[in-house]
Each structure stands twice: as structure tokens, then as C-alpha cells.
Trainee: 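The structure's right below; bear with me while I get my questions together.
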Amino acid sequence: MTDIAWIEAAITSARPQAIGALLRYFRDLDTAEEAFQEACLRAMRNWPGNGPPRNPAAWLILVGRNAGVDAARRLQRQEALPDEDKISDLDDAEEAVVERLDGADYRDDVLRLLFICCHPDLPPTQQVSLALRIVSGLSVRQIARAFLVSEAAMEQRITRAKARVAQASVPFETPGAVERAERLGSVAAMVYLIFNEGYSAVASEDSDRAQLCDEAIRLGRLLLRLFQTESEVMGLVALMLLQHSRSAARFDADGQGVLMDDQDRSLWSRPMIVEGLALIDKAMRHRRPGVYLVQAAIAALHARAARPADTDWTEIEHLYAALERLQPSPVVTLNRAVAVSKARGAEEALAMIEPLEGRLAGYFHFFGAKGAFLLQAGRARDAREAFDRAIALAGSAAEAAQIRAHLDKLMRNAAALG
Amino acid sequence: MLYAILCYDSEDVIGAWTQAQDEAVMESLGRVQEGLARQGRLGPVARLVPTTAATTIRKGAEPLVIDGPFAETKEQLLGFYVVECENLEQAIATAQDLARASGSAGAFELRPLRYFKANGVAQGAP
């Protein structure tokens with residue numbers, strides 16, 4: 001790997017900690033970002049010749065802080081900057097910063113930085129864009145491409161989000177235990193939102209958006225390193241890894257979605273599955289299942305099945321029942337019914353979803369699932385009716401194509417019988 | 001004489017690599033490994049899952065199970081085992097058997113492997 005690639009990776013990995021610390025110091029997001037930019041420029045000049053510092057984050061914080069203070073002073077009176085050699089000769093000073101940057105400070109700095117991005121006044125799209133810009137350091141261009149909007153529109157979205165955050169009072173005092181737990185919950189939800197933005201991409205817009213999945217997993221691992229005993233963070237990272245492990249198998253050569261039953265399981269990423277399963281094992285020891293952990297456990301049962309027929313649908317149904325208790329929602333019940341149809345038959349699944357029809361009357365997946373249950377129960381005419389309603393509600397060509405595949409099968413079976 | 005070569009690096013930095021960068025590094029390392037294997041000098045090779053998946057067991061009358069990697073600097077790495085385990089529970093039980101047998105203080109760090117190659121047979125992907 002080249003020097004430049006190493007430096008870029010080091011800067012990216014130090015970014016949340018460094019901007020978080022600079023934000024605590026300057027108490028202003030723009031100033032913190034500018035100071036960090038300046039520190040990065042100096043790193044690019046300095047590190048190739050002098051070799052990388054032992055602790056890149058501490059180096060960037062110290063240099064960024066000096067640069068920010070200098071900038072403030074320059075506004076007051078003209079004063080010579082310290083020369084580059086002095087700034088680069090940071091070995092002792094770096095050590096001191098590392099000492100002061102004890103675990104707790106670092107943890108709250110990164111959490112605060114992530115937390116201001118998921119301010120409740122910001123709509124989800126702004127939260128995600130802001131976090132990708134500030135915490136992950138993606139360029140406006142990269143983010144714009146991931147969201148399929150123009151660069152100018154994304155620039156405006158991020159500027160607006162920043163202005164809103166600046167108006168809101170950013171909490172700088174060290175949070176108490178309850179507040180920290182609440183912040184962690186909001187931040188976890190935002191990280192999962194970033195993941196889903198990437199995961200919901202269809203194959204054609206693949207690389208720019210799929211990158212968001214990797215980024216969300218990286219942020220999740222960062223959170224978990226800061227909160228090593230939080231079983232829900234373990235669950236969140238496991239859930240993202242297990243879903244992402246299937247990415248190479250989710251689309252065929254034409255970019256059409258492939259249902260899980262039809263996926264080539266040899267394409268599933270073993271390293272991601274191994275890591276996801278290991279995290280679930282760890283989290284289970286805490287015996288405090290939360291929504292991420294339960295969903296991860298469901299994903300794990302799919303990952304463990306070598307063939308679709310090996311899937312433990314009974315256990316999946318139990319887990320969806322647990323998820324229903326934690327987070328009651330008709331969509332969760334619908335998913336539970338899918339497991340019921342596999343474990344105990346279509347009639348029971350149909351009975352389970354009947355009371356949901358009122359609330360899910362506009363939901364594509366409801367009629368897709370209902371059609372599949374009816375087909376399984378041998379009620380072809382009713383199935384066709386449900387599939388027709390599903391196609392009418394399809395939000396994308398891919399969704400419609402998925403239902404048409406079911407309808408084609410119906411036609412073929414009818415022809416075979418006739 | 002057999003030597004163990006233990007790999008240390010910043011997990012943050014390696015975690016910021018793109019998949020293509022990661023694969024390029026592994027491919028380049030793989031070429032060195034192939035040379036060693038041809039000379040009959042290569043023993044087991046393993047790549048560990050990130051430390052976020054680690055569990056640490058403090059030895060003692062009541063062994064203490066802690067989430068996260070081994071973080072002390074007063075103690076040094078003295079050896080390691082690679083053991084097939086059904087799950088983390090079994091790995092912890094195995095480590096506790098070893099703890100009782102050793103009778104000394106110290107700790108075990110349990111790290112799942114994402115890649116393992118022993119006797120020229122690879123399991124998993126790098």
C-alpha cells in the first residue's frame with residue numbers, strides 16, 4: 001500500500017475522534033471542521049517525510065487545536081505561525097495528549113459528534129447526510145451520488161442541517177448514565193438508517209450506495225469499541241454484517257433482485273457471517289434481548305442454513321414473536337406470518353394476517369405475502385387477486401417483477417393442469 | 001526452530017480500508033506465504049475477527065468473563081491455542097478448563113478466526 005493510501009486511511013479512521021475532540025474544544029462545528037482540515041493538510045505535508053505518528057488522532061487533535069487557536073489570534077493581530085518543524089516534532093506532546101484523552105473523554109466526544117447529527121429537529125435524510133459528511137468524511141459529491149441528487153442540492157441540504165444544529169444547543173457537559181444511554185439509542189438508530197440507505201439500493205446504482213453499508217458497519221464497530229458491553233450495539237453490528245453478507249447474491253447478472261430462497265449461498269460472505277455470529281453469541285450472554293439483537297438472531301438462522309430447506313422456521317417464528325412484544329407493529333406480525341406459513345402451513349398464516357388487512361391496505365408486501373400464502377394453500381383464483389393488488393401497489397419495477405414471477409408460475413401451473 | 005510471527009496494526013486504520021485495498025494486501029501477503037509453503041516452512045496461518053468480537057477471561061477462583069479484548073500492558077503474550085468450538089459458551093468453558101489446569105494468574109483472550117490455514121488446507125476466506 002502506498003504512503004498516500006495509508007495516510008488517507010489513517011485520517012479517515014482518526015476523523016470521528018479528532019473532530020469530536022476539536023468540537024469539545026472550540027464548541028463550534030465549523031471551527032472544528034476547519035481546524036481538522038488544516039491539520040490534515042499539514043499531515044499530508046509532514047507524514048510522508050517524517051513517517052506516521054504513533055497516534056494519528058492525537059497528532060491531528062493537537063495540530064488542529066493549534067491551527068484553530070492561531071486562526072483566532074490572526075483575526076486579532078498578526079503573529080508569526082510556529083514553523084513546521086516545531087509542529088511536526090510532537091512526540092512528547094503527543095504522549096501527553098494521549099494521556100489526557102482518556103477513554104471516557106474520547107467516548108463522549110465521538111458520541112456527542114454522532115449525537116448532534118441525529119438531532120430530533122433534523123429529518124432522517126438530513127441526519128444521514130450530515131453524519132456521512134462530518135463523521136465519515138465522505139465528500140459532498142460522494143453523498144450526492146449515493147442519494148441520486150445533484151451536488152448543489154446535497155450541499156444545500158448539509159448546510160441547512162448544520163445551521164439547524166448550530167441553533168440547537170449542543171450538550172457539551174459530560175452526560176449522565178441515563179442520558180448517555182438515550183444518546184446511544186438515537187445514534188444506533190441513525191447508523192442503521194445509513195445502513196438501510198445503502199441496503200435498499202438496487203443493483204444499477206450499486207457501488208455508490210452500497211458503500212453506505214460498509215460505512216455504517218464501520219461506524220457500528222466504532223460505537224461497539226466505545227461501548228464494549230452494550231448488547232444492543234453488538235446486535236446492531238451483527239444485524240448489519242449478516243444482512244450485508246448476502247450482498248453479492250442479492251442481484252442477478254441483469255440487476256434483478258433474487259429472493260433469499262433462490263440465492264447462491266456460496267456467494268454469501270463467510271468472514272461477515274463469522275463475525276456476526278460471534279457478536280450474537282457475545283450479546284446473548286447479557287440476556288437482555290433488544291430489537292437489533294432479535295433481528296440479528298433471525299438473520300443468523302438464515303445464515304446458518306446451508307440450504308433454504310434447512311432453515312429453522314419454528315425458531316424464526318419464536319424470534320418474530322419476541323420482536324412483536326418488543327416493538328409491536330403490523331409489519332412485524334406479517335413477517336411472523338411468513339415464518340408460520342413455512343413452519344405450520346398457509347391456513348394458519350392467513351388467519352394471522354387477516355386482522356392486519358385494514359392497517360396494511362396500502363402495503364405492497366402485505367398483498368405479496370397474502371398471495372404467496374393463498375398460492376401455497378391451493379387457492380389460485382384468490383392468489384391472483386392478491387398479486388394483482390400487490391402489483392398495483394409496487395413502488396419499483398423490481399417489486400413488480402417479483403410479483404410477476406409469482407403470476408407466471410400460477411399461469412404455468414394452470415396450463416399444466418388444463 | 002519454530003517462530004510465531006504475530007501481526008499488530010491499528011484496527012481503526014485497517015477498518016477504513018476499502019475492500020479492494022484489503023484484498024490487495026491479502027493477495028500480496030499470500031504470495032509470500034506461497035513461497036514459504038513451497039519451502040515447507042509454513043505452519044498455520046490465521047486472520048482474526050476484529051477485537052469487537054473478543055471476550056476476555058480473567059483467571060481466578062471465580063473466572064471473570066469480560067466483553068472486549070485483553071487490554072492490560074503489564075502482561076505479555078506467552079502462547080495461544082486454536083480450538084474448534086460450537087459457540088462462545090463452549091469456548092469460555094474450554095478456556096476455564098485451561099485456567100484451572102494452569103493455576104496461575106493472567107487472562108485468556110478469546111478471538112474468533114475469520115480465516116485459518118493449517119497444513120496447507122484453508123478454511124474460510126481471507
Side-chain angles (χ1 to χ4, degrees), chain A residues 1-2 5-17 52 54-57 103 136-137 207 210-211 213-215 217-231 233-234 237-238 241 247-248 268-286, chain B residues 8-29 46-57 63-71 73 84-95 109-117 122-126:
Chain A
M1 189 170 292
T2 62
W6 189 91
I7 290 172
E8 280 173 358
I11 286 176
T12 304
S13 71
R15 186 179 176 101
Q17 182 183 2
R54 263 196 309 263
N55 186 332
S136 302
S207 60
Q211 183 194 0
C213 291
D214 293 327
E215 191 50 41
I217 289 170
R218 200 172 71 83
L219 290 175
R221 286 203 191 108
L222 169 71
L223 267 190
L224 185 51
R225 268 206 298 285
L226 300 179
F227 297 90
Q228 294 189 348
T229 59
E230 288 293 334
S231 58
V233 182
M234 297 174 202
V237 178
L241 284 164
S247 60
W268 292 2
S269 162
R270 289 309 303 172
M272 287 191 206
I273 291 175
V274 167
E275 187 178 350
L277 296 180
L279 287 170
I280 291 174
D281 269 4
K282 270 181 77 169
M284 289 294 190
R285 293 175 43 80
H286 291 263
Chain B
Y8 293 90
D9 206 335
S10 160
E11 199 167 37
D12 282 332
V13 174
I14 284 166
W17 289 354
T18 63
Q19 199 181 334
Q21 281 174 319
D22 193 286
E23 281 164 8
V25 171
M26 288 305 136
E27 202 185 301
S28 159
L29 290 171
R47 184 169 181 193
L48 307 180
V49 168
T51 53
T52 38
T55 306
T56 300
I57 294 171
L64 193 62
V65 180
I66 306 158
D67 287 317
F70 180 73
T73 49
E84 177 68 46
C85 298
E86 192 66 29
N87 50 31
L88 180 62
E89 284 312 310
Q90 196 185 13
I92 290 172
T94 307
E109 182 184 64
L110 306 180
R111 296 286 299 276
L113 303 187
R114 62 175 275 183
Y115 173 81
F116 183 66
K117 190 170 77 173
Q123 293 179 5

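These numbers come from the heavy atoms of this one structure, side chains and all, not from hydrogens, waters or symmetry mates. Treat the numbers as computed from the prediction; the structure is a model and nothing was measured. The sequence lines fix the lettering, A, B, ..., with proteins before strands; numbering per chain opens at 1.
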Trainee: Under a 4.5 Å heavy-atom cut-off, does chain A meet the side chain of Ala54(B), its backbone, both or neither?
Mentor: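 The backbone, not the side chain.
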Trainee: Sort Val13(B) into side chain, backbone, both or neither according to what part of it lies under 4.5 angstrom from a heavy atom of chain A.
Mentor: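 It is both, since atoms from each part get that close.
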Trainee: Working to the nearest 0.5 angstrom, can you tell me the gap between Leu277(A) CG and Met272(A) CE?
Mentor: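 So the gap between those two atoms works out to 13.5 Å.
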Trainee: Quick one, Ile92(B) and Leu110(B) - any side-chain contact, counting heavy atoms below 4.5 Å?
Mentor: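 Touching, per the 4.5 Å side-chain cut-off.
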Trainee: Does the side chain of Glu215(A) come under 3.5 Å of the side chain of Gln211(A) through a donor N or O and an acceptor N or O?
Mentor: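 Absent: no donor and acceptor within the cut-off.
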Trainee: Under a 4.0 Å threshold between the charged nitrogen and the carboxylate oxygen, would Arg221(A) count as salt-bridged to Glu11(B)?
Mentor: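 The answer is no: the pair does not qualify as a salt bridge.
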Trainee: Quick check on Arg218(A) against chain B: is it the side chain, the backbone, both or neither that has a heavy atom closer than 4.5 Å?
Mentor: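 For Arg218(A), the side chain is the part near chain B, not the backbone.
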Trainee: Any carboxylate oxygen within less than 4.0 angstrom of a Lys/Arg side-chain nitrogen, looking at Asp22(B) and Arg47(B)?
Mentor: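 So Asp22(B) pairs with Arg47(B) through a salt bridge.
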Trainee: Just wondering, do Pro271(A) and Tyr115(B) contact through their side chains at under 4.5 Å, heavy atoms?
Mentor: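 No, every pair of side-chain atoms sits at 4.5 Å or beyond.
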Trainee: What option among Gln228(A), His286(A), Lys282(A) has the most heavy-atom pairs under 4.5 Å with chain B?
Mentor: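 If we count pairs closer than 4.5 Å to chain B, Lys282(A) comes out on top.
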Trainee: Is Ile14(B) close to chain A through its backbone or its side chain, or both, or neither, when contacts mean heavy atoms under 4.5 Å?
Mentor: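 Neither part; nothing is under 4.5 Å.
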Trainee: Which bit of Ala53(B) comes within less than 4.5 Å of chain A, counting heavy atoms only: side chain, backbone, both or neither?
Mentor: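 For Ala53(B), the contact with chain A is made by backbone and side chain together.
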Trainee: Highest number of heavy-atom pairs under 4.5 Å with chain A: which of Val65(B), Leu113(B), Thr18(B)?
Mentor: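 Between Val65(B), Leu113(B), Thr18(B), the count favours Val65(B).
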